[in-house]
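Beneath this line is the structure, given in structure tokens, with notes to follow.
Below, chains carry the letters A, B, ... as their sequence lines are ordered, and counting in each starts from 1. Computed from heavy atoms alone, side chains included, the values below leave out hydrogens, waters and symmetry copies.
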Amino acid sequence: MSADIAIDQLDEAQARAELARLADLLAQANAAYHREDAPVFDDAEYDALKRRNAEIEMRFPHLKRSDSPSEQVGAAPSEGFGKITHAVRMMSLSNAFDDEDVVEFDQSVRKYLGAPGEIAYTAEPKIDGLSLSIRYEMGQIIHAATRGDGEIGENVTANALTIADIPQTLDGAPDVLEVRGEVYMSHADFAALNARHAERGGKTFANPRNAAAGSLRQLDPEITHARPLKFFAYSWGELSAPLADTQTAATRRLQALGFQINPLTRRFTEITDLIAHYHNIEAQRATLGYDIDGVVYKVDDLALQRRLGFRSTTPRWAIAHKFPAELAWTRLEAIDIQVGRTGALSPVARLTPVTVGGVVVSNATLHNEDYIAGRDSKGGEIRGGKDIRVGDWVEVYRAGDVIPKIADVDLSKRPDDAVPFLYPTVCPECGSEAIREEGDAVRRCSGGLICPAQAVEKLKHFVSRGAFDIDGLGAKQVEQFYKDGWIKEPADIFTLRDRFSTGLQQLKNREGWGEKSANSLFDAIDVRKTIPLAKLIFALGIRHVGDSSASLLATTYGTWDAFEAAMTEAQIGVGTQWEDLLAVDGVGAVMATSVITAFHQEAERASIDRLVAHLTVVEAAKPKNDSPVSGKTVVFTGTLEKMTRAEAKARAESLGAKVSGSVSAKTDLLVAGPGAGSKEKKARELGIETLDEDGWLALIGTA
DNA sequence: GAGCCTCGAGTTCG
DNA sequence: CTCGAGGCTC
């Protein structure tokens, strides 16, 4: 059989046939494995097939099949890359900008754990590349995904396979292992790559990070193969068995499996030592041979990491201590005012283009009125109280290496005729009065939907990701349609097809629009006529109601009819509807007022009604959580010995319980430690179930 | 009332 | 990514 032919003796036709055969076999094997019935092959056989497949692909990259087994999981990417949902979310890290932030980090860890004694931390350079998660099952690489938004990343398996630092098979790994780390390019390789490109007259990359990102996201793996990418492992996602008890041991284990671990990783028990190591690494920055942008500290003990857990997007047990940002001087040419969806006037600095941290910056945010004036919103000084004037020389940096901001003003170079910036009190877009509420940092246009800028921004929000997300109808198209007078409010989107049976002709005549694209736009719009309640509420763009609050409202009220009826009947500050709204955990008076107002203002309400008439709104599912405490209100009292309050609360909430501070008739369960007093007495009077700490831990299954 | 945490709304460039 | 502010806890 062809399986016996050595790979380097295969001709093209044989290779093609062999790849087809392997794809078929491995697909069967995967199906069997995932159904957990009798595996077709044992591990060693599977392993050998997978390796053979990869090796043939390596030799004949152009023969690689679209359904290649090396890219298993998820749909075959038809356009660009397929998506992969991370089994375990890829978190980001919170940042420390100075030594004091690091001390505070340590204090918050200790406070959360409650007098834990000595705590060891690891410190490692933060590589400036892009993060990658690589999944292995039974020692075989299954897929590799970029971080994406943390939940869903892009399938770059074929490209990851070409990186020498990424093993294709692992010996002695847990059955399921997701290895996480950073893909990067060394300075030397970056320079050589750019030199090669320049020679051929091609475009060069601005910095190693862009080169690494551009290389990993090549659609043709052969190109990626020719790019010298490297990989450091530092973390993991899903695991079928623990790697070790500590961060240090776990990364050593990854090293033993064949991954590169950064050699400057150390373990310390004193914060002063962490900070000393930070400065040590900083001193070596120029000679490392690759870009780093800080040092990451992690609690070493994985049991403590587990106890500390996560905030919404960041772990409590790690922090990135960033190096000071790169700075550059340039001239401020103008200050423009943009008007946002809520009417907020935001100033933007137009700069003489300047390179900062490897990219050319020509705009920078100026935040608000006070920032320009050199005051913070409480009247204190920022930037030494220097105001910013058009014509000034300003020092620019990229906050978080992303958003350009102004750090300083050089008064010695200020032109004699420079005058303080006069912040407009009238909306530059519609001429309505722009009002700054007492105690508010932003000035807002009072024009509402009369203001074209607000109307357009609201429409852009309506079609954005997370809201209606209509394929082919992005910010640009919305702007154009608004200018044409075809779409003035969200409801107009859903009558486009009908109203433009004649207009289609016009649409087709416009550049970039053929009959096909116009029809696919209309189809994409029709698809979204059925919309989940949460997305609809979010799409309305009510101030103070974002993604998360919209979901909250949706699950609280369940249906559009219930929500709409409640908001219509509700009165601000009084009545049962108001009380019900405020009883929702996470809704306060400000948000409640904002929502109710939207449903009571005539024009806005009419617009909402016109929109909803076109839609089928999908009921919001009640959050189902089958933990024994989900939906229960729990109160903790007395001294907890195995966990701190914050920890107990976070754990209970992650299981779907609501944690309250005081016992009332609504309380379902009291957890009382030693020293419990009046709360326990009250619970007894009310006949509320009471448990001690061990009873609670047993109940939630972590005794 | 202060202090945390989370969310919302703003922003840049490739 | 950051700032400001809303909401909740102590």
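The nearest whole Å value for the distance from the CG atom in A:Asp440 to the P atom in C:dC3 is 17 Å. The distance from atom CZ of A:Phe105 to atom C1' of B:dC4 is 16 Å, rounded to the nearest whole Å. Here the P atom of nucleotide C:dT2 and the CG atom of A:Asp101 are 11 Å apart, to the nearest Å. Separating the CG atom of A:Leu553 from the P atom of B:dC7 is a distance of 13 Å, rounded to the nearest angstrom. Atom P of nucleotide C:dC3 and atom CD1 of A:Ile372 are separated by 16 Å, given to the nearest angstrom. Atom-to-atom, CG of A:Asn95 to C1' of B:dC5 comes out at 16 Å; the value is rounded to the nearest Å. Between the P atom of C:dG7 and the CG atom of A:Leu552 lies a distance of 11 Å, rounded to the nearest Å. Across the protein-nucleic acid pair, A:Arg443 atom CZ and C:dG4 atom C1' stand 17 Å apart, rounded to whole Å.
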For nucleotides 8-14 of chain B, just jot down a letter per nucleotide in 5' to 3' order: B, S or -, based on protein non-hydrogen atoms under 4.0 Å.
SSSBBS-
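Using a 4.0 Å heavy-atom distance criterion, A:Ala589 is classed as a sugar-phosphate-only contact.
Distances shorter than 4.0 Å separate some side-chain N or O of A:Lys405 from OP1 or OP2 on C:dC3.
For A:Tyr423, there are no ring pair (Phe, Tyr, Trp, His ring centres under 6.0 Å) partners, not counting sequence neighbours. Considering only residues two or more places apart in sequence or on other chains, A:Phe468 meets the ring pair (Phe, Tyr, Trp, His ring centres under 6.0 Å) condition with A:Phe462, A:Phe494. Residues passing the salt bridge (charged side-chain N to carboxylate O under 4.0 Å, His left out) test with A:Asp336, sequence neighbours excluded: A:Arg350. For A:Tyr397, the ring pair (Phe, Tyr, Trp, His ring centres under 6.0 Å) criterion is met by no residue, not counting sequence neighbours.
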Give every donor-acceptor pair under 3.5 Å between a side-chain atom in residues 587-598 of chain A and any protein atom, sequence neighbours left out.
unit_1: A:Thr593; atom_1: OG1; unit_2: A:Ala589; atom_2: O; d: 2.7
unit_1: A:Ser594; atom_1: OG; unit_2: A:Arg543; atom_2: O; d: 2.6
unit_1: A:Thr597; atom_1: OG1; unit_2: A:Thr593; atom_2: O; d: 2.5

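For an aromatic pair to be called close, the ring centres must be under 6.0 Å apart, and A:Tyr290 with A:His187 fails this.
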